[in-house]
Structures are given as C-alpha cells and as structure tokens.
Amino acid sequence: AQSVTQLGSHVSVSEGALVLLRCNYSSSVPPYLFWYVQYPNQGLQLLLKYTSAATLVKGINGFEAEFKKSETSFHLTKPSAHMSDAAEYFCAVRVEGYQKVTFGTGTKLQVIP
Amino acid sequence: DAGVTQSPTHLIKTRGQHVTLRCSPISGHKSVSWYQQVLGQGPQFIFQYYEKEERGRGNFPDRFSARQFPNYSSELNVNALLLGDSALYLCASSPRGTRDTDTQYFGPGTRLTVL
C-alpha cells in the first residue's frame with residue numbers, strides 16, 4: 001500500500017523567507033510523487049511531479065522538490081515566500097500499475113508580511 | 001482552452017436523497033477520476049474511468065457509482081445520502097489514464113452539503 005505523511009498541518013513563514021513543506025512517502029515499489037496547491041474554494045493545481053527522472057524537480061511559481069529515496073522524502077521548497085503563496089499544499093503518491101492517487105492531509109501555508 | 005468543468009458548483013440535499021454530479025474533461029482527455037475531499041482532509045480517490053470503463057475504485061460504499069459517456073464526460077451518483085457525504089467532490093481528467101506519469105488536471109469541484 002502507498003501513503004504519504006505531511007509533517008505540520010500549518011506552517012507560517014515571513015514574506016521573503018524560505019518555504020519548506022515536508023512530505024514522507026511509503027511505498028513498496030518506486031513511486032511517482034506530486035505536489036499540488038489548493039487556493040480557497042478552488043480545485044487542485046499541479047506544482048510539480050517526480051517520475052523517476054531527475055531527483056531534483058522544478059515546478060511552477062519558483063517551487064522545487066527533491067526526491068530522496070534513502071529518506072523516503074519529497075520535501076517542497078521555495079527560496080523566498082510571497083504573499084500569493086498562501087494556500088494549502090498537498091503531497092500525493094501514485095505507484096506504477098495502479099490508478100489510485102493517494103493524497104496527504106495537507107499543509108496550510110501562511111505568509112506573514 | 002477550457003479546463004475541467006464541473007456542475008453544479010454547490011448543492012444542498014437532505015439525508016436519504018440521491019445526487020448526480022457532472023464533469024466535463026479537458027478536450028482530448030479520455031480519463032476522468034473522482035475524488036472526495038472532506039473539510040480539513042486531503043482528497044480521497046473514489047473512481048477512475050478510461051474509455052468508458054472503470055479502471056480503479058477506492059474504498060467507498062456501493063452507494064457511490066459513476067459512469068463515463070462516449071464524449072468522455074462523466075457523472076458521479078450517490079444514493080441514500082448521509083451527513084458524512086458532505087464534502088467537496090473533485091473531478092480530474094488526464095490524457096490517457098493508463099500512463100502513470102500522466103498529469104491529472106482538476107476541476108473547481110462541487111460542494112455538496114447534506115442536511
């Protein structure tokens with residue numbers, strides 16, 4: 001079975017500070033990993049995805065994530081937070097051969113001016 | 001190009017009623033997936049359809065059913081509604097659905113409230 005754990009349901013950062021959102025996965029086979037962002041009352045937008053190519057994945061809006069197999073992690077980072085980054089972020093996993101995408105419980109990012 | 005569209009945006013039902021939610025995928029996409037997102041939680045996978053056939057099912061009771069039409073649009077049906085069915089129902093489309101690396105594009109969701 002596949003699963004993801006997002007550490008910290010709420011994260012607050014100052015505008016201009018580093019953003020670090022944590023995600024650890026569990027999978028018995030090599031996973032495909034995703035980060036999505038959800039703004040209030042909206043659907044999910046894909047930020048980036050890992051599909052077994054480069055371990056450092058760059059996404060939209062300046063976000064990136066690094067796949068670390070030894071740590072079973074796929075943390076999301078952004079060097080400098082912007083007010084518009086305030087949203088809820090979801091880590092998700094999918095494994096080869098299965099259609100089901102499993103989402104984490106989400107991390108709400110607050111950006112303080 | 002239009003993204004994934006869902007209708008209605010909001011609806012309110014009472015316990016025991018039936019509801020039908022609709023989804024139109026991005027033009028050219030042949031796969032549709034449905035997710036339930038309860039307030040404060042991540043989306044939970046309900047179904048995936050590809051080429052009008054069910055290709056995946058999550059841990060939901062038989063009260064939940066879906067179908068996909070020849071134009072690749074989809075309906076999600078929920079019978080005998082319970083209070084716990086109150087949630088945001090998200091539809092996602094992808095080009096093929098058989099490729100694990102395919103990106104799923106999500107619609108804005110339908111907010112269902114069961115009273």
Side-chain angles (χ1 to χ4, degrees), chain A residues 1-10 21-25 27 29-54 57 59-60 67 74 76 87-108, chain B residues 2-7 9-10 21 23-26 30-51 53-60 66 68 87-111:
Chain A
Q2 67 218 44
S3 67
V4 290
T5 301
Q6 292 185 240
L7 301 176
S9 59
H10 290 80
L21 304 182
R22 300 177 186 274
C23 173
N24 287 90
Y25 70 90
S27 174
V29 296
Y32 300 112
L33 294 161
F34 309 83
W35 274 100
Y36 285 87
V37 60
Q38 186 175 36
Y39 296 97
N41 301 313
Q42 294 188 26
L44 300 167
Q45 180 183 10
L46 181 71
L47 281 176
L48 49 81
K49 64 180 180 182
Y50 167 76
T51 58
S52 73
V57 182
I60 62 172
F67 173 73
F74 190 59
L76 181 70
E88 189 158 20
Y89 293 79
F90 292 93
C91 181
V93 63
R94 186 177 186 182
V95 297
E96 186 174 359
Y98 290 87
Q99 307 302 325
K100 175 182 176 181
V101 176
T102 301
F103 285 83
T105 52
T107 298
K108 286 187 178 178
Chain B
V4 177
T5 59
Q6 293 185 243
S7 62
T9 304
H10 298 84
L21 311 181
C23 171
S24 292
I26 292 171
K30 297 182 177 181
S31 176
V32 169
S33 296
W34 287 96
Y35 293 82
Q36 180 196 64
Q37 186 178 17
V38 173
L39 195 62
Q41 298 182 18
Q44 298 290 316
F45 175 77
I46 309 176
F47 289 110
Q48 187 201 22
Y49 277 77
Y50 174 68
E51 291 284 15
E53 291 187 5
E54 182 183 304
R55 297 301 182 100
R57 173 185 284 256
N59 296 326
F60 281 80
Q68 187 177 34
L88 180 67
Y89 288 84
L90 295 166
C91 173
S93 77
S94 57
R96 291 153 294 191
T98 56
R99 291 279 300 273
D100 299 296
T101 56
D102 272 357
T103 296
Q104 292 190 345
Y105 296 88
F106 283 80
T110 293
R111 174 73 63 186

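Every chain is numbered from 1, with letters handed out A, B, ... down the list of sequences. Both backbone and side-chain heavy atoms feed into the values below; hydrogens, waters and symmetry mates do not.
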Inset, instruction - Taking all heavy atoms of L88(B) and all of Q42(A), pick out the closest pair and write down the distance. - result: CD2-O, 4.4 Å
Legend entry - Interface moiety of Q6(A) toward chain B, non-hydrogen atoms closer than 4.5 Å: neither
Inset, instruction - Any chance you could measure T102(A), atom OG1, to F45(B), atom CZ, to the nearest 0.5 Å? - result: 9.0 Å
Inset, instruction - Select, from A92(B), P43(B), S33(B), P108(B), the one with the greatest count of heavy-atom pairs under 4.5 Å involving chain A. - result: P43(B)
Inset, instruction - Select one option (side chain, backbone, both, neither) describing which atoms of L46(A) are under 4.5 Å from chain B's heavy atoms. - result: side chain
Inset, instruction - Give a yes or no on whether I60(A) atom CD1 has more than 12 heavy-atom contacts from other residues, nucleotides or ligands under 6.0 Å away. - result: yes
Legend entry - Winner by heavy-atom pair count (cut-off under 4.5 Å) against chain A, out of Q41(B), Q6(B), R111(B), Q37(B): Q37(B)
Inset, instruction - With sequence neighbours excluded, tell me which residues meet ring pair (Phe, Tyr, Trp, His ring centres under 6.0 Å) with F103(A). - result: Y36(A), Y35(B)
